[in-house]
Structure formats: structure tokens, C-alpha cells
J.: 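One structure coming up, written as C-alpha cells, with questions to follow.
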Amino acid sequence: MIELQATYTVSPNKRLSILAAPAEPLSGVWADDLAALNDAFATPGSREVRFRSPFGWMQGVLHEKNALRDRRRTFEGHVWFQPAASSTTP
């Protein structure tokens with residue numbers, strides 16, 4: 001599982017899209033996250049991710065989508081909130 005360090009905002013339908021080649025160069029944790037995703041997707045397939053959103057921790061599965069015409073290469077997938085840790089108090 002890839003743990004992304006930056007905070008990401010997810011669309012209301014719980015779909016996450018990350019551009020692999022943004023128009024402006026990234027720096028800091030976003031650049032580190034993009035490098036980790038590029039390394040993980042060196043081979044085709046899907047990858048599990050975990051990241052922080054403004055509303056809590058989320059996880060999901062991302063797939064790589066290659067550019068078609070004017071679209072850019074992206075990592076896309078559906079995500080969900082992580083279940084809260086259950087307490088073991090009697």
C-alpha cells in the first residue's frame with residue numbers, strides 16, 4: 001500500500017484523480033507523492049493507496065489512465081474513509 005503524504009480533496013462521488021504531469025511544477029510532499037506513484041506504476045496494474053483528506057484518513061485503489069488526445073496521464077480511482085479503530089474497553 002502506498003501512503004501519500006499530502007492532503008487530497010476527493011470529489012463528492014469519492015473519486016480521486018491525480019495528474020501525473022501537472023501544468024505547474026510541484027514541490028514538497030506533492031512532488032514526493034507523484035514520484036512514489038510513478039515508481040509504483042512502473043508496471044501496469046492497480047495499487048492501493050492511503051492518504052489524508054480534510055475530513056480524515058481515506059484509502060482506495062488507483063489505476064493509471066494514459067493520455068488520449070489532449071488529456072494528460074492521470075492516476076484515478078475510487079476511495080473510501082478508513083473504518084475507525086474499535087476500542088476494546090469492557
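On a predicted model such as this, the values are computed, not experimentally measured, just so you know.
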J.: Measuring centre to centre across the rings, with the benzene-like ring taken for any Trp, is F41 within less than 6.0 Å of F75?
T.: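 Yes, close enough.
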J.: Starting at CD of E24, measure out to CH2 of W30 and round the result to the nearest 0.5 Å.
T.: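 Output value for this atom pair is 12.5 Å.
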J.: To the nearest 0.5 Å, what is the distance between CZ (R50) and CD (Q59)?
T.: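 R50 atom CZ to Q59 atom CD measures 8.0 Å (nearest 0.5 Å).
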J.: When you measure from the side chain of T74 to the backbone of E76, do you find a donor-acceptor pair of N or O atoms at a distance under 3.5 Å?
T.: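 Between the backbone of E76 and the side chain of T74 there is no qualifying donor-acceptor contact (under 3.5 Å).
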J.: Quick one: do L19 and L4 end up in the same hydrophobic cluster if we chain Ile, Leu, Val, Met, Phe, Trp and Tyr together by side-chain heavy atoms under 4.5 Å apart?
T.: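 No: no chain of side-chain contacts under 4.5 Å links L19 to L4.
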J.: Take H78 and K14 through the test side chain to side chain contact (heavy atoms under 4.5 Å, CB included) and record every step on the way to the result.
T.: CA-CA 6 Å; H78 288 343; K14 296 201 175 55; 5.8 Å; no
J.: Are I2 and M58 connected into the same hydrophobic cluster when the rule is that any two of I, L, V, M, F, W, Y join if their side-chain heavy atoms are below 4.5 Å apart?
T.: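 Same hydrophobic cluster.
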J.: Please report the closest heavy-atom contact between A20 and L34, naming both atoms and the distance.
T.: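 Closest approach of A20 to L34: O-CD2, 3.3 Å.
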J.: Do you know the tightest heavy-atom contact between Y8 and P54?
T.: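 In terms of heavy atoms, the two residues are closest at O-CD, 3.5 Å.
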J.: Show the nearest heavy-atom pair for residues T7 and S53, with the distance to one decimal.
T.: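 That closest heavy-atom pairing would be CG2-C, 3.8 Å.
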J.: Under a 3.5 Å distance rule, please check whether S11 uses its side chain to pair with a backbone N or O of R15 as donor and acceptor.
T.: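 Side chain of S11 to backbone of R15, a donor-acceptor pair under 3.5 Å: yes, one is there.
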J.: Of the non-hydrogen atoms in L62 and G77, which two are nearest, and what is the gap between them?
T.: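 For L62 versus G77, the nearest heavy atoms are CD2-N, 3.5 Å.
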J.: Measure across L16 and T9 and return the closest heavy-atom pair with its distance rounded to 0.1 Å.
T.: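 Where L16 meets T9 most closely, the heavy atoms are CD1-O, 4.2 Å.
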J.: Are side-chain heavy atoms of V49 and V61 found at a separation under 4.5 Å?
T.: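 No, too far: nothing below the 4.5 Å cut-off.
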J.: Using the rule given for side chain to side chain contact (heavy atoms under 4.5 Å, CB included), can you reason through V10 versus F51, listing the C-alpha separation, both sets of side-chain angles and the distance that settles it, and then say yes or no?
T.: CA-CA 11 Å; V10 177; F51 62 94; 3.8 Å; yes
J.: The criterion is side chain to side chain contact (heavy atoms under 4.5 Å, CB included); which residues satisfy it with V29, sequence neighbours excluded?
T.: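 Residues passing side chain to side chain contact (heavy atoms under 4.5 Å, CB included) with V29: Q5, A6.
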J.: For D32, enumerate each residue passing the side chain to side chain donor-acceptor pair (under 3.5 Å) test, keeping only those at least two apart in sequence or located in another chain.
T.: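 So D32 forms no side chain to side chain donor-acceptor pair (under 3.5 Å) with any residue.
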J.: For F81 and F55, run side chain to side chain contact (heavy atoms under 4.5 Å, CB included): C-alpha distance rounded to whole Å, both residues' side-chain angles, the deciding distance at 0.1 Å, then the answer.
T.: CA-CA 9 Å; F81 286 100; F55 306 105; 3.9 Å; yes
J.: Partners of R73 by side chain to side chain donor-acceptor pair (under 3.5 Å), sequence neighbours excluded?
T.: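 Only N38, E64 meet the side chain to side chain donor-acceptor pair (under 3.5 Å) criterion with R73.
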